[in-house]
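So the structure is just underneath, and the comments pick up after that.
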Protein chains: 2
Amino acid sequence: MGVTGGRRERLRAETTAEIKQVALALMAAGGPDAITLRAIAREMGMTANAIYGYFATRDDLVSTLIHDVNTELADTIETAMRGAANGDDPGGPVRAWAGAFRGWALANPQGFRLVYGDPVPGYRAPEGGAAPDAALRLCLALMAVAAAAWPYAAPLDEGDFDWSDFDAGLREKIRPAFPELPPAGVALGLRIWGHLHGLVVLEIYGHLRAQTSSPNKLFQSELAGLLRSLGLPPAGPAERLI
Amino acid sequence: MGVTGGRRERLRAETTAEIKQVALALMAAGGPDAITLRAIAREMGMTANAIYGYFATRDDLVSTLIHDVNTELADTIETAMRGAANGDDPGGPVRAWAGAFRGWALANPQGFRLVYGDPVPGYRAPEGGAAPDAALRLCLALMAVAAAAWPYAAPLDEGDFDWSDFDAGLREKIRPAFPELPPAGVALGLRIWGHLHGLVVLEIYGHLRAQTSSPNKLFQSELAGLLRSLGLPPAGPAERLI
DNA sequence: TGATGAAACTATACGGCGTATATTAACCTC
DNA sequence: GAGGTTAATATACGCCGTATAGTTTCATCA
């Protein structure tokens, strides 16, 4: 176990990265089902079994991919929300979250399916492994949305929630970051997620295709309705001041 | 082509029904991926290839299952909505639709996945076959919801839709049944679908499990918010008259 | 410098999957 | 009884994930 054994470890990291990259490319081309060890190995010019040296099992590889994709989504949303957090526009975070979420989903439909659909035959791996990390980031972004909207939405809210309705670990992360957000505000964040998730998943999976040719118009209309139902102004601060 | 060949046709129909029933049982037990011809045949005590006499291909079988499940969902929703169409409660259809949709989804999560998720490796079959039938029924139920809510929601609606935004065949079915419903009302129906679909799909796929232990409370809260945003009374006509 | 041993990779095999083809048995119709 | 449709079978092929054993590569250290 030499301390200077950096070279082989670097090679190993590169090969690992290439495996994941090829797997993502295969998934983008043919869906999650196209992630087969043989196909990856074929693409890389090596044997399928060699991959077992990098991932204990195919599900491990898939789990890692899910984590990576989830992280990418979290990055996208966090970036979009940083640009919208000017404080003058309480609807900004909602619009940023919604736009980033749908935009990323439409740009990476296979990744969206991998994370939010049935991944592949196998099961989800770790029962508490790496996925929650990125999922937590997504949830915290949602809470930022809820925190921005809550002062406006609170008078309209009729939900009856308390902290015991939510995961204890989640609560510990939320309360320090958003001390002003009550349980009903957390619920609001999750509701906004579900609210917007529906149209996106229907669009990604093609279930809207038989009905409308303008899913974007539908989504924008729904977003406007969401903003209105939250008591938020429909557009930026300029219009709100008029 | 004898006219009296009823016996064999009856046997054939029975075997066909048994194949589908076994396939649904397998799906309920192990997810859509568990639908394998071999497993079905094993369960029925015959050879996998014998199924090719009843279904040209495995995808044909899956398509038929999707159609059956979709029909069951449409039946459930239509029944629930018939019970809510007393005319005195404009929010009744929305609540009936939402309750029936989520209730059916929770009672048949595998069926829900089959219809609204990635079915199985293979493709969807007919590009215009049997599935649209049931999908149309679901859509018409949605339009009944929208028609009941539209007189209340219209003043709040800010969508800008016209008929060209929707499928021509769909329009022909909608207009005779709901002549008072403008394009924005149709969009409202689809939006309600997407609105409620999101939380249900997140719950079915387990993505809410890490956050909340009360998905039902969350859904009811969201439903109340939907009713409010539509300008509808939150409960039955009794409360509305107060 | 050269042996050592871990790591990367290959070769081969097994069972399960969907599918295709050819074959046999049962049945109704004429 | 003959002809033709249908049910069911046996067998084979290729692809999949996985397991095991064997081979090459190469950093490490005496």
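No hydrogens, no waters, no symmetry mates; every other heavy atom, side chains included, goes into these values. Quick caveat, the model's predicted, so the values are computed rather than measured. Sequence lines set the chain letters: A, B, ... in the order given, protein chains first and strands last, and positions in each chain run from 1.
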- [ ] Return no unless some side-chain N or O of A:Thr57 is found under 4.0 Å from OP1 or OP2 of D:dT18.
- [x]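 For A:Thr57, the contact criterion (side-chain N or O under 4.0 Å from OP1 or OP2 of D:dT18) is met.
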TODO: Determine: side-chain N/O of A:Arg10 to OP1/OP2 of C:dA7, distance under 4.0 Å, yes or no.
DONE: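 Answer is no, no contact under 4.0 Å.
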What's the [atom1]-[atom2] distance between [X] and [N], to the nearest Å?
| X | N | atom1 | atom2 | result |
| --- | --- | --- | --- | --- |
| B:Leu11 | D:dT5 | CG | C1' | 15 Å |
| B:Asp59 | C:dT19 | CG | P | 7 Å |
| A:Asp60 | D:dG17 | CG | P | 14 Å |
| A:Leu26 | D:dC16 | CG | P | 11 Å |
| A:Met44 | C:dT10 | CE | P | 10 Å |
| A:Ile40 | D:dT18 | CD1 | C1' | 15 Å |
| B:Ile35 | C:dG18 | CD1 | C1' | 14 Å |
| B:Arg42 | C:dG18 | CZ | C1' | 13 Å |

Task: Partners meeting salt bridge (Lys or Arg N to Asp or Glu O under 4.0 Å) with B:Lys217 (sequence neighbours left out) - done: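 Expected list: A:Asp165.
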Open item on the list: Once you measure the plane-to-plane angle for B:Phe101 and B:Trp97, does it fall in the parallel (<30°), tilted (30-60°) or perpendicular (>60°) bin?
Closed with: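 B:Phe101 and B:Trp97: parallel rings.
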Open item on the list: Would you say that B:Tyr116 contacts A:Val201 through its side chain, given a criterion of any heavy-atom pair below 4.5 Å between the two side chains?
Closed with: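 Side-chain contact under 4.5 Å: no.
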Open item on the list: Within the structure provided, determine whether B:Leu199 and B:Leu208 are in side-chain contact (heavy-atom separation under 4.5 Å).
Closed with: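 Yes; the side chains approach each other to less than 4.5 Å.
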TODO: May I ask you to decide if B:Ala50's main-chain N or O and B:Thr47's side chain share a donor-acceptor pair within less than 3.5 Å?
DONE: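 No; zero donor-acceptor contacts below 3.5 Å.
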TODO: State whether the side chain of A:Arg102 and the backbone N or O of A:Leu196 hold a donor-acceptor pair below 3.5 Å, judged by distance alone.
DONE: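 Here the side-chain-to-backbone pair does not exist.
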Open item on the list: Starting the side chain at C-beta, find the nucleotide from C:dC17, D:dC16, C:dT19 nearest to B:Leu37.
Closed with: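 Nearest to the side-chain atoms of B:Leu37, counting from C-beta on, is C:dT19.
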- [ ] Looking only at side-chain atoms of A:Arg58, point me to the closest of C:dC17, C:dT19, D:dG17.
- [x]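 Looking only at side-chain atoms, A:Arg58 lies closest to D:dG17.
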Task: Result of checking A:Ile77, A:Asp75, A:Leu142 against A:Arg137 for side chain to side chain contact (heavy atoms under 4.5 Å, CB included) - done: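 Result: among A:Ile77, A:Asp75, A:Leu142, A:Asp75 is the only option passing the side chain to side chain contact (heavy atoms under 4.5 Å, CB included) with A:Arg137.
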Task: Under 4.0 Å protein heavy-atom contacts per nucleotide of nucleotides 7-13 of chain D, with B for base, S for backbone only and - for none - done: SSBBB--
